4 protein chains.
Amino acid sequence: MSRGNTRQRIQDVALELFAEQGYEKTSLREIAERLDVTKAALYYHFKTKEDILDSLFQDLAAKPTTDLIAWAETQPSTLETKLEILRRYSQAITGAAPLFRFMQENQATMRDLKIGDHMKRRIFDLLDLIRDNDAPLVDQVRCSSALFTMHASLFTLQHSDVPLEEKSKAALEVAQELVTTAHRGSEGASHGDLPRTEKKSA
Amino acid sequence: MSRGNTRQRIQDVALELFAEQGYEKTSLREIAERLDVTKAALYYHFKTKEDILDSLFQDLAAKPTTDLIAWAETQPSTLETKLEILRRYSQAITGAAPLFRFMQENQATMRDLKIGDHMKRRIFDLLDLIRDNDAPLVDQVRCSSALFTMHASLFTLQHSDVPLEEKSKAALEVAQELVTTAHRGSEGASHGDLPRTEKKSA
Amino acid sequence: MSRGNTRQRIQDVALELFAEQGYEKTSLREIAERLDVTKAALYYHFKTKEDILDSLFQDLAAKPTTDLIAWAETQPSTLETKLEILRRYSQAITGAAPLFRFMQENQATMRDLKIGDHMKRRIFDLLDLIRDNDAPLVDQVRCSSALFTMHASLFTLQHSDVPLEEKSKAALEVAQELVTTAHRGSEGASHGDLPRTEKKSA
Amino acid sequence: MSRGNTRQRIQDVALELFAEQGYEKTSLREIAERLDVTKAALYYHFKTKEDILDSLFQDLAAKPTTDLIAWAETQPSTLETKLEILRRYSQAITGAAPLFRFMQENQATMRDLKIGDHMKRRIFDLLDLIRDNDAPLVDQVRCSSALFTMHASLFTLQHSDVPLEEKSKAALEVAQELVTTAHRGSEGASHGDLPRTEKKSA
DNA sequence: GATGAATGAGGCTTCATTCAT
DNA sequence: GATGAATGAAGCCTCATTCAT
């Protein structure tokens, strides 16, 4: 019956509960009960509670974000690259939505967790690829905001009627618009026409 | 020395610790020790742990946001009004920064707390005053994003060198820009002069 | 009923159980049950399990041994002094018999405990006051043996019929004899005949 | 490589860890990990944790001590015999040093272990062969002390610079001296002045 | 206005052991 | 000859809360 899949099942249930209730409020007892297994069984598969979370991070978020950053670092720092970074990041987030939701909503907790540091570093790396450190503060905020928009729009608000994918698409659009504006700004320059990001969707 | 101000001191320390470490990870023991007082003393001033948090909310966030919403509801739903809402909200946030930071970073926890509901309601009220429910999804995301931008820019990122007030100002600017874009979009078409917030950085 | 004496009662029961069963095999649950109190109550009075043991050490063994060493350091390093050290140490041990028995029988455990170090240091201090570092190995062993004799004779063997005080006295006597022999040896001296330790009593 | 020797390797590692850390604090997990084997493998070779210890006792200590006692029982109860017993016991101890060290340092634990009883019996048997039950208490303590001296001198003190064998030799010498003194005393008989050790305290 | 003492619930973790394969 | 998976018991500890004083 419970063949080799227990580890996976633990991860599934844990992610669900962590995302739903938060890390602290989810006890190993609860996870175990949900799986009809003893707490000790969890410890056969994972060394600590934090380890369960770490494994989720490794399995769901580590590779995509690492790959994205690696790819981005080989690209020229053009607007097109930045927009593509956002698009790919949007995909990464959507592909591991519950985990990213968890991170959004448990930031205080994350500060003492290994994955807190990991993620922080990665997000800063992304940010650095998107923004220009010499640009005016407003432009930098635009870029941060681009990232937060994607995080927050998906999880914080529950336009429950709208499917995730549409929200994701809309968030990406707004994020790209923000980065475009920032990019245009830091380039200095005069160009008659506005960054009509809306064109894309037209 | 510690005359009638113990209640206040409890609030101060609690807010500091809640913001720094999160709600769950801050124990009453810790608060009491910091004040050189017994846990039981806390219970003389507050009925429960959650009560301490609620009192902070009442004292720091309730009035400003309630007032803001009340005021906003008496205004016409013009772009100017919306921009003013953002400005005032920016002030409210900055005036109670640690508390808002706490909310940002403890969203999962907030879900089971009274003030979680309170704040959620208020933010949705604000959102409703800013966005047009019939507008395209992208515009709605712009408006949400405006709010999140103000929340997130202040607390999540540590441009530690930049003073809070400048960050606050920049965030407001981006937020207003987002709402302006959204507004322009939902109004359909023709409007002679854009609220070119970008001018400032020019 | 349980007025201010709970702390004391915890110590009493703990010492009894630690001595009887060993440190690891005595659980806080057991101590609590014996006192008809909850485990949490123990934690009101002591920060950790180890703390209970430490407090016993402080209350029963620290002062006597510290005093003894302090006194001994003010004395000349004569045989009389050494014999008096043994006498006083014998008293210290007998006065805190269960604790010393505990130490004897839980040496492996003591290695990871704070009091392990403390006691080790103290015993080595005593040893240094009794033996001569330049003396032949045999004499050094005599001195160590003197100390061990007092420890071991009291607790390891259960001549259950013989009262503690007589055992204590006999052990002291043997210990003093050993140190006397050692002392005579290190004093140089020429004695054609074998180290007839027996001479001493002649 | 690891042919039929796994059982042996388990014993080796277990003895090392038991002696180093104590019985309770050494877990089967730790032993298994050191051997790069699963805990379950240990159970193929031994029925319980205690069984591992017992096997060590059987393989290292049982035969030598049994033989020693058997031999001693065939001998006349002269001083020479006693001194020879000590010599042989010294060899036994030195030959299984880690195991004897373990016993020394885990006496509390040994009380609930099968080998605790075994060893206790054996040591008492030895003691009975060495001492005279009708002798004065002091002489009996001398004999116990002789045994303890050999145990303790080897393991408790770390004259780390002195090689084990020299310590062993010195300890044996002191032990023999103690027994000699005791023997001369219990022989009662005619020697002008008794070993009136009590004089000292007079 | 606050303390001292205690509780009950529950947290994470570790252990020796089992058993089907 | 050994593993993989799991269990049940128990360990230490922390927490929010209560209440008599």
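Being a predicted model, the structure only gives us computed values, none of them experimental. Throughout, a chain's letter reflects where its sequence line sits, starting with A, and its residues are numbered from 1.
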Notebook entry, point to check: Quick one: which of dA16(F), dA10(F), dG8(F) gets closest to the side chain of Lys49(B)?
Noted result: dA16(F)
Item checked: Derivation and outcome, side-chain contact (heavy atoms from CB on, under 4.5 Å), residues Arg9(A) and Val13(A) -> CA-CA 6 Å; Arg9(A) 286 171 62 226; Val13(A) 169; 5.6 Å; no
Notebook entry, point to check: Starting at the 5' end of DNA chain E, which residue's closest nucleotide do you reach first, Thr48(A) or Leu42(B)?
Noted result: Leu42(B)
Check: Quick one: on DNA chain E, does Thr26(D) or Tyr23(A) contact a more 5' nucleotide (nearest heavy atom)?
Finding: Tyr23(A)
Next item on the list: Write down the atom of Thr65(D), the atom of Arg122(D), and the distance for their closest heavy-atom approach.
Entry: OG1-NE, 2.9 Å
Notebook entry, point to check: Any side-chain N or O of Thr6(B) less than 4.0 Å from the OP1 or OP2 oxygen of dA2(E)?
Noted result: yes
Note to self: From C-beta outward on Arg29(D), which listed nucleotide comes closest to its side chain: dC15(E), dG4(F), dT17(E)?
What the structure shows: dC15(E)
Checklist line | Per Tyr43(A) side chain, nearest of listed nucleotides dT14(F), dC19(F), dT14(E) | finding: dT14(E)
Notebook entry, point to check: Which residue, Gln104(C), Gln107(C), Arg111(C), forms the side chain to side chain donor-acceptor pair (under 3.5 Å) with Glu105(D)?
Noted result: Arg111(C)
Next item on the list: Using atom CG of Leu53(A) as one end and atom P of dC12(E) as the other, report the distance to the nearest whole Å.
Entry: 13 Å
Notebook entry, point to check: Between His45(B) and dA2(E), does any side-chain N or O lie under 4.0 Å from OP1 or OP2?
Noted result: yes
Checklist line | For the student: nearest non-hydrogen atoms of Phe102(C) and Phe18(C), plus distance | finding: CD1-O, 3.4 Å
Check: Closer to the 5' end of DNA chain F via nearest nucleotide, is it Glu24(C) or Ala40(B)?
Finding: Glu24(C)
Check: Which nucleotide in the set dG8(F), dA5(E), dA16(F) lies at the smallest distance from any side-chain heavy atom of Ser27(B)?
Finding: dA16(F)
Check: Is the shortest distance from a Lys or Arg side-chain nitrogen in Glu30(D) or Arg34(D) to a carboxylate oxygen in the other one below 4.0 Å?
Finding: no
Next item on the list: Check every atom of dT7(F), dT14(F), dG4(F) against the side chain of Thr38(D) and return the nucleotide holding the closest atom.
Entry: dG4(F)
Note to self: Run through DNA chain E and report every stem of 3 or more consecutive Watson-Crick or G-U pairs, distances under 3.5 Å, ordered by first number.
What the structure shows: E:2-21 with F:2-21
Item checked: Nucleotide nearest Lys39(D) (side chain, heavy atoms from C-beta), chosen from dC12(E), dT17(E), dA5(F) -> dT17(E)
Item checked: From His45(A), Gln11(A), Glu50(A), residue fulfilling side chain to side chain donor-acceptor pair (under 3.5 Å) relative to Ser55(A) -> Gln11(A)
Checklist line | Spacing of the C1' atoms in dT21(F) and dG1(E) (rounded, Å) | finding: 13 Å
Note to self: Has Lys49(A) got a side-chain atom pairing as donor or acceptor with Tyr23(A)'s backbone, closer than 3.5 angstrom?
What the structure shows: yes
Notebook entry, point to check: In terms of side-chain heavy atoms of Ala41(B), which of dT14(E), dA2(E), dA6(F) is nearest?
Noted result: dA2(E)
